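Report on one structure; see the data block that follows.
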2 protein chains.
Amino acid sequence: MSASRDSSGYSQLLQAISNALPDLRNSERKVAETVLADPSFALEANVAGLARASNVSEPTVIRFCSALGFDGFSSFKLRLAQAVALGLPISQSAIGIDDTIDELTAKIFDHSINALDQARKAMDTAAVGAAVQAILASREILFVGFGASGIIAQDAQQKFALFGRPCAAPIDLHQQYIAASTSSPDTVVVAISNTGTTAAVIDVARRARERGATVIGVTGTSAPLLAECDISLIVRTDEDTDLHTPTVSRLAGLVLIDVLATSVAMALGVDHLHNLSTMKEALAQFRSNESETKTDPDIDRPAASVGRIQEEQ
Amino acid sequence: MSASRDSSGYSQLLQAISNALPDLRNSERKVAETVLADPSFALEANVAGLARASNVSEPTVIRFCSALGFDGFSSFKLRLAQAVALGLPISQSAIGIDDTIDELTAKIFDHSINALDQARKAMDTAAVGAAVQAILASREILFVGFGASGIIAQDAQQKFALFGRPCAAPIDLHQQYIAASTSSPDTVVVAISNTGTTAAVIDVARRARERGATVIGVTGTSAPLLAECDISLIVRTDEDTDLHTPTVSRLAGLVLIDVLATSVAMALGVDHLHNLSTMKEALAQFRSNESETKTDPDIDRPAASVGRIQEEQ
DNA sequence: CATTCCATGTAGTGGAATTACAGGAGCGTG
DNA sequence: CACGCTCCTGTAATTCCACTACATGGAATG
């Protein structure tokens with residue numbers, strides 16, 4: 001298996017090395033193990049150093065790189081650098097009971113970054129474009145979902161409400177179904193379910209479609225829900241392998257919402273901007289002007305204090 | 001100014017080059033501009049190639065690297081590779097009206113990844129540890145916040161509810177205040193506000209503290225809210241520079257919640273695990289078993305279909 | 001037991017990064 | 001306005017490092 005399939009996220013390199021272990025020659029495997037044991041050491045090292053650390057000769061290091069599908073040591077190192085920048089995915093560095101807070105923090109951030117890296121590589125931008133068009137053509141938007149996907153729905157509702165068209169994300173199952181039942185061909189329904197198998201969401205999608213609404217499905221994988229949808233947005237992330245793996249699909253889903261919202265904002269253009277900033281300025285009144293506000297929140301970040309518009313909408 | 005301050009996120013490299021522009025010599029600046037114009041070209045190139053592309057001599061390229069604080073060309077290229085892996089932050093590649101969906105998607109994902117990269121570098125793990133201890137010692141947890149921060153509160157509530165202790169995240173302002181007013185020394189209140197200036201959140205924090213509760217403040221910068229808190233968690237991300245910049249602080253906040261939840265789960269240990277998996281299995285009943293479920297959602301991902309526990313809680 | 005093939009190390013080579021040095025442009029000063 | 005100094009910037013030489021050709025040793029197989 002070649003490790004240089006660039007479509008599969010920079011972070012997959014270490015995983016690819018692990019997978020390739022059985023196919024490698026004995027001494028090449030020593031190199032692989034040295035790299036896996038301490039990727040950042042391998043980054044600093046040159047061929048000679050990595051050879052010494054692995055107790056093999058220099059050509060073996062080169063052969064190791066070739067075996068993985070790289071042109072040479074340098075190109076291997078570049079890819080390794082990218083993998084290290086993103087951090088190790090959970091699959092590569094499992095979370096353990098005895099991890100310190102530092103380790104745990106690093107691992108979870110790394111894993112989250114990796115998930116977004118994967119999602120961005122796998123995103124179907126044509127479908128995103130279709131979704132944007134559908135939203136632009138709509139008169140009202142309904143977001144539905146439960147659990148973690150419900151959080152995404154709430155977030156989406158907050159963002160799209162700024163565009164000034166009716167926009168709902170009921171939490172209650174019945175309300176979701178009612179909203180779907182009163183939808184029209186002018187409605188866009190965004191049905192969110194990471195599994196794509198949540199029965200209630202499928203029901204809502206089907207109901208809305210019967211009413212002529214355009215249904216956009218957001219799932220983590222190709223799933224039954226998408227059969228009930230006009231547009232399929234698949235947000236592919238690592239599987240959540242065990243109970244304690246943080247739920248990264250949710251993050252990728254939120255970024256997708258950002259993409260949609262930003263695209264719509266761009267399409268709406270400049271005149272819409274004015275309304276938006278007026279509204280955001282109005283929100284500023286909810287901020288504190290108390291006496292203990294002596295410590296300017298931005299005192300340590302001079303660049304930010306000019307014309308900054310906060311996001312706490 | 002040295003660009004090799006490793007504490008400041010891999011992605012800061014291009015920003016650092018931009019900042020260094022005025023301090024560079026004329027011909028070095030040409031190199032800098034070539035790199036900024038097309039970072040991925042610079043990645044593939046060697047000294048000669050980069051020199052030719054910049055219309056300067058090879059030593060000038062080396063001097064450029066030295067001027068930025070690197071040992072040489074190779075170490076510069078490694079850092080550049082890492083910056084490219086993370087993608088360009090918005091500050092480096094602004095979103096424009098004429099961006100295609102592809103470009104927009106790439107930019108927003110890149111920007112989000114960058115934000116998490118920054119946040120992970122800036123995270124105060126000692127404070128995280130203190131927060132985990134406080135939560136473990138508590139009998140009930142209250143999450144408060146509005147807008148985007150309210151989304152984080154909802155998400156946190158979903159996660160911490162799994163630990164089997166009373167756990168609330170009222171949306172309603174009055175309910176938040178009431179909950180704070182009925183809190184006790186056994187309560188942990190997590191007050192979330194990206195600006196750290198939201199008056200209502202500050203009020204709630206103060207009220208809870210008067211009642212003896214332990215208050216954990218989550219903000220995006222050092223802010224007035226933290227004065228009312230026992231433990232300060234600052235989730236530092238890029239400022240959201242303009243209206244159409246996606247709100248990344250929210251993502252980093254969610255990852256912080258993941259860190260807290262995972263840490264608590266680890267501390268609770270194995271016996272807690274059993275309850276958790278029982279509960280998750282019970283949730284499976286909400287999934288569809290319909291006839292059109294012919295297309296197995298996991299059909300294209302064999303590894304995932306074994307004993308997978310879904311996250312749609 | 002012999003032979004062949006494959007893995008791995010040794011030694012050498014080519015190329016790339018780096019350094020030493022010299023020419024030249026710009027600027028300040030007499 | 002001219003002279004000289006300083007600081008760039010390119011040329012040429014050097015050193016280091018990745019990579020290749022080849023040889024040796026061991027394992028597997030007949």
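None of these values were measured; they are calculated from a predicted model. In what follows, every heavy atom counts, from backbone to side chain, and hydrogens, waters and symmetry copies are set aside. Below, read A as the first sequence line, B as the second, and so on, with proteins coming before strands; counting in each chain starts at 1.
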Closest nucleotide among dA16(C), dT18(C), dA21(D) to the Arg63(A) side chain: dA21(D)

Can you identify which nucleotide, out of dT8(C), dA18(D), dC8(D), has its nearest atom closest to the Ser27(A) side chain? dT8(C)

Atom NZ of Lys77(A) and atom P of dC19(D): how far apart are they, to the nearest Å? 11 Å

Check whether any side-chain nitrogen or oxygen of Thr60(B) sits under 4.0 Å from OP1 or OP2 of dG10(D), and answer yes or no. yes

Do you know the tightest heavy-atom contact between Leu21(B) and Arg29(B)? O-NE, 3.0 Å

I need the NZ-C1' distance between Lys30(B) and dC8(D), as an integer number of Å. 12 Å

State, to 0.1 Å, how close Thr125(B) and Ile101(A) come at their nearest heavy-atom pair, and which atoms those are. O-CG2, 3.5 Å

Assess the residue pair Asn114(A) and Ser112(A) against the criterion (side chain to side chain donor-acceptor pair (under 3.5 Å)); give the C-alpha distance rounded to whole Å, side-chain angles, the decisive distance to 0.1 Å, and a yes or no. CA-CA 5 Å; Asn114(A) 266 284; Ser112(A) 302; over 6 Å; no

For the rings on Phe76(A) and Phe64(A), is their centre-to-centre separation under 6.0 Å? yes

Roughly, in whole Å, what's the span from CG in Leu50(A) to P in dC19(D)? 12 Å

Which one, dT8(C), dA11(C), dC8(D), comes nearest to the side chain of Pro59(A)? dA11(C)

Output yes when at least one side-chain N/O atom of Ser57(B) is less than 4.0 Å from OP1 or OP2 of dT9(D), else no. no

Ignoring the backbone of Ile62(B), work out which of dG10(D), dT19(C), dC19(D) is nearest its side chain. dT19(C)

From CD of Glu28(B) across to C1' of dT9(D) the rounded distance in Å is 10 Å

